[in-house]
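Here's the structure, in structure tokens; my notes come after.
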Protein chains: 2
Amino acid sequence: MATQEERRAQTREALLEAGATLFAERGVAGASVDAIAERAGRTSGALYDHFGSKEGLLFALLAGWVDDATAVIAAEQATAASLDEWVAAMWRAVSDPPSGDARWIALEHELWSWAAQSERARRHLARRYQAAWDGIDEVATAWADPVPGARVGPAVVGVLMGLEMMRRIDPDAVTDATAVATLRAVLTAAPDRSPTR
Amino acid sequence: MATQEERRAQTREALLEAGATLFAERGVAGASVDAIAERAGRTSGALYDHFGSKEGLLFALLAGWVDDATAVIAAEQATAASLDEWVAAMWRAVSDPPSGDARWIALEHELWSWAAQSERARRHLARRYQAAWDGIDEVATAWADPVPGARVGPAVVGVLMGLEMMRRIDPDAVTDATAVATLRAVLTAAPDRSPTR
DNA sequence: GTCTATATACCGATAGAC
DNA sequence: GTCTATCGGTATATAGAC
């Protein structure tokens, strides 16, 4: 019987789920440990036992989401038939989140707020985004023809996030067409020459 | 004698200054009213008298910064001699803040975190950015030749913010040249046609 | 492993003296 | 206008029973 072990896994999952929801709804500072535990049908003691602290729960959540994001990028790469299709797929993945999980956007901004305050958080984010940057660079060399050694990954990710932010506060401000055109422009523009196509 | 009035103005200024610093350093949630008041050489009562609440102080800070940002854009418009120069000036204004005030970036992200949670905050942000969008649209029609009716303001602001975020977590990820090229591409790209120049 | 109970601290905000 | 004093509430985290 692995009943004990199963129970532990269920508790961990319930706490992660509750944490994701409440962090997104109220922010990391606004979501109390008690509230998270209660929503998971447990008490705060369980949370401290599994994650050590509220911050520990946050880190555990983020670790899961890195893998998700990189998986999405890899999947798009396999199915897209053209540059525009690939770009549109990435934009869709950001503008209305894919796996039915709209919470990560809120959590992402929590992280960025924190990054403005702490060097440790910045390093955490850099490590986190590195995989996405690299993945995009790799696909980009297949679709566009960038200058050798030029990195477009960071610019693409930055543009995706920035456009999503503008769209969130005003849905009409950034149309899908504008987003795709902008991303295409970024991928075909290079620092040292004019746009090619 | 306006001594009474002067004293009040000094207190208000000191509270704004302390609030800007502490909000940026610790976040809005992490900066206590007492800490802000103490840093300003006053007590919490003074803060409540001037701004009503912690949120009131935050709004007062933001109102000041809107004016600053729009003033910067207007100033660039007057002095820039080419599209590239204008774009470079905007990027400089964001990537290393102009008026010696590096704190507004942190505050901006606090706002965005909040916007992920609250409809009220989103409306606040939309109103806040409207002026910047319009200002950029106006200058853009002079330098580039956009499709009639197409708005580039939101995309430009979004790209500025997104690139700044990537640069902050990795200074080598987005070079100045990349940023300028990206912004130029955004301004010359349009949803319904290929880049012109 | 998970619970209740609790230690300890700090929060935002107010009342009322001055 | 600004102070001290304080209210009422909630926070994170721990101790110890089960």
Side-chain angles (χ1 to χ4, degrees), chain A residues 1-61 107 110 113-114 117-118 120-121, chain B residues 1-62 107 110-111 113-114 117-118 120-121:
Chain A
M1 318 283 180
T3 311
Q4 195 79 315
E5 212 172 309
E6 280 171 15
R7 164 81 173 170
R8 181 164 181 82
Q10 281 168 12
T11 296
R12 184 188 158 86
E13 209 49 48
L15 287 169
L16 285 170
E17 173 63 27
T21 301
L22 288 184
F23 281 160
E25 275 177 11
R26 314 183 193 175
V28 175
S32 74
V33 171
D34 277 346
I36 295 167
E38 188 186 3
R39 182 177 240 269
R42 299 290 190 281
T43 51
S44 67
L47 192 151
Y48 283 100
D49 185 57
H50 277 269
F51 302 104
S53 69
K54 188 160 84 163
E55 201 178 77
L57 173 60
L58 175 62
F59 282 150
L61 280 170
L107 232 277
E110 286 288 315
S113 273
W114 187 28
Q117 302 160 33
S118 133
R120 177 151 151 262
Chain B
M1 316 283 179
T3 310
Q4 194 79 316
E5 210 172 310
E6 278 171 17
R7 164 82 172 169
R8 183 165 181 81
Q10 281 167 12
T11 297
R12 185 188 158 87
E13 210 47 51
L15 287 168
L16 285 169
E17 173 63 26
T21 301
L22 288 183
F23 281 158
E25 274 176 13
R26 313 183 192 173
V28 175
S32 74
V33 172
D34 278 345
I36 295 168
E38 188 186 2
R39 182 177 241 270
R42 299 290 191 280
T43 52
S44 66
L47 191 150
Y48 283 99
D49 185 56
H50 275 269
F51 302 104
S53 69
K54 188 159 82 162
E55 203 178 75
L57 173 62
L58 175 63
F59 283 149
L61 279 170
L62 293 172
L107 232 276
E110 284 290 314
L111 251 195
S113 274
W114 187 28
Q117 303 160 33
S118 133
R120 177 150 152 263

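Order of the sequence lines sets the chain letters (A, B, ...), proteins ahead of strands, with each chain counted from 1.
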Donor-acceptor contacts, no H, no angles, side chain residues 25-33 of chain B, under 3.5 Å, sequence neighbours left out:
unit_1	atom_1	unit_2	atom_2	d
B:Ser32	OG	B:Ala35	N	3.0

Has B:Thr11 got a side-chain N or O lying under 4.0 Å from the OP1 or OP2 atom of D:dT2?
yes
Residues forming a salt bridge (Lys or Arg N to Asp or Glu O under 4.0 Å) with B:Glu55, sequence neighbours excluded:
B:Arg120
Which pairs with one or both residues in residues 9-18 of chain A pass side chain to side chain donor-acceptor pair (under 3.5 Å), sequence neighbours excluded?
A:Thr11-A:Arg42, A:Glu17-A:Arg103
Under the salt bridge (Lys or Arg N to Asp or Glu O under 4.0 Å) rule, collect the residues that match up with A:Asp49, sequence neighbours excluded.
A:Arg8
Between B:Glu38 (CD) and D:dT4 (C1'), how many Å, whole number?
15 Å
A:Ala40: side-chain contact (heavy atoms from CB on, under 4.5 Å) partners, not counting sequence neighbours:
A:Ala14, A:Leu15, A:Ala18
Are the side chains of B:Phe51 and B:Leu58 in touch, meaning some heavy atoms are under 4.5 Å apart?
no
Round to a whole Å and report the spacing from CZ of A:Phe51 to P of D:dT12.
15 Å
Reading nucleotides 3-18 of chain C from the 5' end, what letters show protein touch, with B for base, S for backbone sugar-phosphate only, - for no heavy atom under 4.0 Å?
BB------SSBB----
Interatomic distance where CD1 belongs to A:Ile36 and C1' belongs to D:dT10 [whole Å]
14 Å
Rounded to whole angstroms, how far apart are NE2 on A:His50 and C1' on D:dA13?
17 Å
Atom-to-atom span, CG of A:Asp49 to P of D:dA13 - whole angstrom:
14 Å
